[in-house]
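What follows is one structure encoded as structure tokens, with my remarks underneath.
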Amino acid sequence: MNKLTLILKSTASKSIFLAILFGLAFAANGFAATDSDSCATNSENRQLDYWLGNWTIGADGSSGNAHSIVTLSLDKCLLVENWDGGRGHYGQNVFGYSADDKRWYGMFADNEGRVHVFTSGKVSAGSAEFEGTSRGPQGESVLNRVKVIRLNPNKVEQSWEKSNDNGATWNLVFRGEYSRANP
């Protein structure tokens with residue numbers, strides 16, 4: 001076993017490694033850009049702006065005080081969601097558009113040591129879908145799909161589905177309705 005494999009066996013080390021890797025990918029894109037305002041004016045980067053804001057989240061079994069704040073970072077090149085499920089479970093999700101390969105990427109991380117990297121993103125005005133693989137409790141490969149759909153200017157729906165058969169069938173594991181806190 002090489003050193004990298006040993007390091008990645010630790011959940012915390014894996015989270016740190018992926019965060020550094022993700023950060024370097026965005027830094028490399030930033031070095032390639034010639035105009036520091038390019039993300040602010042690039043229509044592809046602006047496709048998720050409908051999600052920006054302060055939100056309350058309603059979901060089956062939720063505590064009633066779940067919330068999310070979605071902001072922009074890195075000269076408007078990165079969309080960041082800070083969420084709190086209301087029961088001590090919270091996390092941060094980041095999404096970015098790569099001008100180099102014309103693709104969206106995402107990463108979810110939570111305070112329970114879970115990290116999901118989404119390498120396949122399809123985003124258009126009012127709709128986003130991200131897919132990426134992770135490992136299940138027995139080491140099996142799991143395909144994850146997250147959708148963020150604008151229902152109206154003050155409501156967004158997020159759903160998370162998992163597939164154990166490479167996308168042939170999907171199981172809904174989360175569905176939340178985001179309502180703008182200050183419409």
Worksheet item: Hydrophobic clusters join Ile, Leu, Val, Met, Phe, Trp and Tyr when side-chain heavy atoms are under 4.5 Å apart, directly or via other members; which others share one with Trp170?
Response: Leu143
Fill in: NZ/NE/NH1/NH2 to OD/OE distance under 4.0 Å, Glu44 and Lys102
no
List the atom of [X], the atom of [Y], and the distance in Å for their closest heavy-atom pair.
X      : Y      : answer
Arg175 : Leu172 : CB-CD2, 4.1 Å
Thr169 : Ser163 : O-OG, 2.8 Å
Ala66  : Gly85  : CB-O, 3.6 Å
Ile57  : Ser68  : CD1-CB, 3.7 Å
Gly136 : Val142 : N-CG2, 3.7 Å

Are any of the side-chain heavy atoms of [X] and [Y] separated by less than 4.5 Å?
X      : Y      : result
Arg180 : Asn54  : no
Val156 : Val148 : yes
Leu52  : Leu72  : yes
Phe108 : Val146 : yes
Thr71  : Ser73  : no
Trp51  : Gln158 : yes
Ile69  : Trp55  : no

Worksheet item: Should the pair His116 and Trp160 be assigned to parallel (<30°), tilted (30 to 60°) or perpendicular (>60°) ring geometry?
Response: perpendicular
Worksheet item: Could you give all pairs that pass the salt bridge (charged side-chain N to carboxylate O under 4.0 Å, His left out) test and reach residues 47-57, with sequence neighbours left out?
Response: Arg46-Asp49
Distance, nearest 0.5 Å, that separates [atom1] of [X] from [atom2] of [Y]:
X      : Y      : atom1 : atom2 : value
Asp110 : Asn93  : CG    : CG    : 9.0 Å
Cys39  : Leu74  : SG    : CG    : 8.5 Å
Glu161 : Phe174 : CD    : CZ    : 12.5 Å
Ser159 : Lys147 : OG    : NZ    : 5.5 Å
Leu48  : Phe95  : CG    : CZ    : 7.0 Å
Asn144 : Ser134 : CG    : OG    : 4.0 Å

Item to complete: Determine, stepwise, if the pair Glu81 / Tyr178 fulfils side-chain hydrogen bond (donor to acceptor under 3.5 Å, both in side chains).
Response: CA-CA 12 Å; Glu81 179 191 19; Tyr178 288 53; 2.7 Å; yes
Fill in: Selection residues 68-87 - residue pairs positive for ring-ring contact (aromatic ring centres under 6.0 Å, His included), sequence neighbours left out
Trp83-His89
Side-chain polar contacts of residues 118-133 - donor-acceptor pairs under 3.5 angstrom, sequence neighbours left out - could you list them?
none

Worksheet, complete the sentence: Applying ring-ring contact (aromatic ring centres under 6.0 Å, His included) to Tyr50 and not counting sequence neighbours gives none
Discussion item. Can you list everything that forms a ring-ring contact (aromatic ring centres under 6.0 Å, His included) with Trp104? Sequence neighbours excluded, please.
Written reply: Tyr97
Item to complete: Might you work through the side-chain hydrogen bond (donor to acceptor under 3.5 Å, both in side chains) test for Lys162 and Asn171, ending with a clear yes or no?
Response: CA-CA 5 Å; Lys162 292 183 178 266; Asn171 296 309; over 6 Å; no
Discussion item. Evaluate Glu140 against Arg135 for salt bridge (Lys or Arg N to Asp or Glu O under 4.0 Å), listing each step before the verdict.
Written reply: CA-CA 5 Å; Glu140 72 276 14; Arg135 295 279 170 212; over 6 Å; no
Fill in: In one Ile/Leu/Val/Met/Phe/Trp/Tyr side-chain cluster, 4.5 Å: Val80, Val115
yes
Fill in: Asn166 atom CG, over 12 foreign heavy atoms within 6.0 Å
no
